[in-house]
Amino acid sequence: MEALVSANDVLFVLLGAIMVLAMHAGFAFLEVGTVRQKNQVNALVKIMVDFCVSTIAYFFIGYSIAYGINFFSGADVLAAKSGYDLVKFFFLLTFAAAIPAIVSGGIAERAKFNPQMAATFLIVGFVYPFFEGIAWNNHFGFQDWLKASFGAGFHDFAGSVVVHAMGGWIALAAVVLLGARNGRYTKDGRLHAYPPSNIPFLALGAWILTVGWFGFNVMSAQSIQNISGLVAVNSLMALVGGTLAALVLGKNDPGFVHNGPLAGLVAVCAGSDVMHPLGALVTGAVAGSLFVWAFTVTQSRLKIDDVLGVWPLHGLCGAWGGIAAGIFGCSALGGMGGVSFVSQLIGTLTGVVIAVIGGTVVYGLLKKLVGIRLDAESEFDGADLSIHKIPSVSGD
């Protein structure tokens, strides 16, 4: 019987890992559809290679930092419990690898390739697992302190803060250090529009991410006994709220419409197991609104050239999700209870601070040592030709 339970858990978590792995295709096509045609190949190659570099960094360093577990044992030991510990690593790796995939969209069209791979290794190997261990493995007694002080620990069921806010705020540091794309702003500060190159690809990326997210959230239970339909329906309601809010505030803009569900899903990750579906709907709607507003402000007023809007989408909506879990998770608002607003606020701010410091250190060092930006001619030609020597579409 125990062997059957282990086998079922392995299959459950493995399916989750595969669904989140498929989300990386979503990241790729969302970027491909948003960047100019001369940078599409670069987007595809970056996401693929980032995932592989992330795997090496997390297997040898990051997973051990976060959970104190390594894989330097015989295969017979690793295969215990039907190999559950291995598929759990695979599942959590797909989360870790989402960080550079998030960053990729912010720094698109002008970042050097090899320094970005080095940044991926450092972030997934050291920065991300440092906070992952704090939030999900009680490093430094952080969760115990929150529980003793405020009645509950920091609750982040599927990574609104641990994954998304971390990725978004690391990306903000990278984008600021990199600077805006050439020609993005005129000398008098006006914004020069670079419209999405391929709306169908952008939409495809959004759909792949949206579907895969049900593996991201539901399978975060990490065992079949803990599966909850509440997580699935809360994810559904949040994506609906995010989409409709982005539709209205974005005035039918397809870029906003297809990022709306992602904003809602980013925000609901943390509290998807404790909110009422109506709370999830509101959480998603606030996130969709926040994304449209923050993307516009970031590009137009702050002059921060975040190509895909990953800081508004993942950074701000992820932070909102961490805080929202402390609001709509309360039993007074129909939630399951067992959450503390203060703990959610402290945990969220801790993640943001670690991400900003980590991102600034990693990209700041690389900028100083080897440079992180393409030269003007390479940027003008496009990353496809200057880095990969081939365009995304070849003539006859």
Side-chain angles (χ1 to χ4, degrees), residues 19-20 23 26-27 29-30 33-34 98 101-102 105 156-161 163-165 167-168 171 196 199 202-218 220 230-298 306 308-329 333 335 348:
M19 288 180 76
V20 185
M23 288 174 72
F27 283 120
F29 278 98
L30 192 71
T34 305
I102 290 166
D156 190 357
F157 180 69
S160 284
V161 179
V163 178
H164 297 287
I199 296 294
L202 187 159
L204 175 65
W207 269 110
I208 294 170
L209 285 165
T210 298
V211 173
W213 225 296
F214 286 86
F216 199 99
N217 286 1
V218 175
S220 284
L230 180 66
V231 176
V233 172
N234 281 344
S235 301
L236 173 69
M237 297 302 278
L239 81 86
V240 168
T243 306
L244 294 178
L247 171 73
V248 174
L249 285 174
K251 300 174 182 175
N252 300 332
D253 182 288
F256 286 137
V257 168
H258 288 95
N259 276 283
L262 311 183
L265 285 161
V266 163
V268 84
C269 287
S272 55
D273 63 328
V274 293
M275 292 179 180
H276 186 279
L278 292 177
L281 181 67
V282 174
T283 298
V286 171
S289 306
L290 179 62
F291 172 71
V292 174
W293 172 80
F295 182 86
T296 306
V297 169
T298 303
D306 179 349
L308 268 67
V310 297
W311 175 62
L313 182 67
H314 297 274
L316 292 182
C317 293
W320 156 241
I323 294 165
I327 299 171
F328 296 105
L333 290 175
T348 300

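These numbers come from the heavy atoms of this one structure, side chains and all, not from hydrogens, waters or symmetry mates.
Closest approach of Leu30 to Asn259, counting heavy atoms only: CD2-OD1, 4.1 Å. The two residues Ala267 and Ala287 have their closest heavy-atom pair at CB-CB, 3.7 Å. Residues His258 and Ala206 approach most closely at O-CB, 3.2 Å, considering heavy atoms. Residues Ala270 and Ser160 share a closest heavy-atom pair of N-OG, 2.8 Å.
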Steps toward side-chain contact (heavy atoms from CB on, under 4.5 Å) verdict (Phe27, Ile102):
CA-CA 7 Å; Phe27 283 120; Ile102 290 166; 4.0 Å; yes
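By the ring-ring contact (aromatic ring centres under 6.0 Å, His included) test, Phe295 pairs with Phe256, Phe291, sequence neighbours left out. Under the rule for a ring-ring contact (aromatic ring centres under 6.0 Å, His included), the partners of Phe216 that lie at least two apart in sequence or sit in another chain are Phe95, His164, Trp213. Residues that satisfy the side-chain contact (heavy atoms from CB on, under 4.5 Å) test with Leu278, not counting sequence neighbours, are His276. For the side-chain contact (heavy atoms from CB on, under 4.5 Å) test, residues two or more places apart in sequence or in another chain that qualify with Thr210 are Leu239, Pro261, Leu262, Leu265. Considering only residues two or more places apart in sequence or on other chains, Val297 meets the side-chain contact (heavy atoms from CB on, under 4.5 Å) condition with Trp293, Arg301, Leu302. By the side-chain hydrogen bond (donor to acceptor under 3.5 Å, both in side chains) test, Asn217 pairs with Ser235, sequence neighbours left out.
Using a 4.5 Å cut-off on side-chain heavy atoms (C-beta onward), Ile327 and Leu333 make contact. Using a 4.5 Å heavy-atom cutoff, the side chains of Thr298 and Trp311 are in contact. Between Leu230 and Pro277 there is a side-chain heavy-atom pair separated by less than 4.5 Å. Proximity of Pro312 to Asp306: side-chain heavy atoms (C-beta onward) are separated by under 4.5 Å at one or more points.
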